[in-house]
Amino acid sequence: MLPCYCPSCKAQLKVKSLKCENCETEVIGNYELPILALLSTEEQDFILKFVKHSGSLKEMANQLKLSYPTVRNLLDEIIEKIRSYEK
């Protein structure tokens, strides 16, 4: 997983460069990480499953073997986390 926070001071990291392994072109700058990259691996996995199930929390609950309210709460927590990153 892409590191998002400084291991020393815990500040949010930024992307400094991107490099094409095919032609060696490098783009250098100071870029924010995408909001979804700031989520934990588990939260990213949840979002991917959510999209693959066309946003059906009922199907998600069945697949994860959790109750619908539990899945709804997981989604609400991720939504709140994303909103906090947008501020």
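Scope of the values below: all heavy atoms of this structure, side chains included, with no hydrogens, waters or symmetry mates. This is a predicted model, so every value here is computed, not measured.
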Handout entry: Distance (rounded to the nearest 0.5 Å) between L57 CG and N62 CG
Key = 11.0 Å
Problem - Cluster link F46 to L48, ILVMFWY, side chain under 4.5 Å - result: no
Problem - S67 and P69, any side-chain heavy atoms less than 4.5 Å apart - result: yes
Fill in the blank from the handout: K81 and S84 have their tightest heavy-atom pair at O-OG, 2.7 Å
Practice task
Flag yes if Y31 and L13 sit in one hydrophobic cluster, no otherwise; membership is Ile, Leu, Val, Met, Phe, Trp, Tyr, and two members link when side-chain heavy atoms are under 4.5 Å apart.
Solution key: no
Handout entry: Minimum side-chain heavy-atom gap E32-Q12 below 4.5 Å
Key = yes
Handout entry: I78 side, atom CD1; E42 side, atom CD - distance, nearest 0.5 Å
Key = 10.0 Å
Handout entry: Value rounded to 0.5 Å, distance of CG in L74 from CZ in F50
Key = 12.0 Å
Completion exercise
Interatomic distance, CG@L75 vs CD@E80, rounded to 0.5 Å, equals 11.5 Å
Completion exercise
Here the gap from K65 atom NZ to Q63 atom CD, rounded to the nearest 0.5 Å, amounts to 8.0 Å
Practice task
Applying side-chain contact (heavy atoms from CB on, under 4.5 Å), name anything that partners K19, two or more places apart in sequence or on another chain.
Solution key: E24, E26
Practice task
Determine yes or no for a side-chain-to-main-chain donor-acceptor pair under 3.5 angstrom, with Q44 supplying the side chain and L39 the backbone.
Solution key: yes
Fill in the blank from the handout: Interatomic distance, CD1@I47 vs NZ@K49, rounded to 0.5 Å, equals 11.5 Å
Problem - Nearest heavy atoms of C4 and L33, plus distance in Å - result: CA-CD1, 3.8 Å
Exercise for the section: Not counting sequence neighbours, which residues clear side-chain contact (heavy atoms from CB on, under 4.5 Å) with T41? List them please. Expected result: M1
Problem - Any I82 side-chain heavy atom under 4.5 Å of L36 side chain - result: yes
Handout entry: Shared hydrophobic cluster, I79 / L64 (ILVMFWY, side-chain heavy atoms < 4.5 Å)
Key = yes
Handout entry: Worked verdict on L18 versus I28 for side-chain contact (heavy atoms from CB on, under 4.5 Å)
Key = CA-CA 7 Å; L18 297 168; I28 299 173; over 6 Å; no
Exercise for the section: Can you sort out the partners of S8 under side-chain contact (heavy atoms from CB on, under 4.5 Å), two or more places apart, ordered by chain and number? Expected result: C6
Problem - Exercise: identify the closest heavy-atom pair between L38 and Y85 - result: O-OH, 3.4 Å
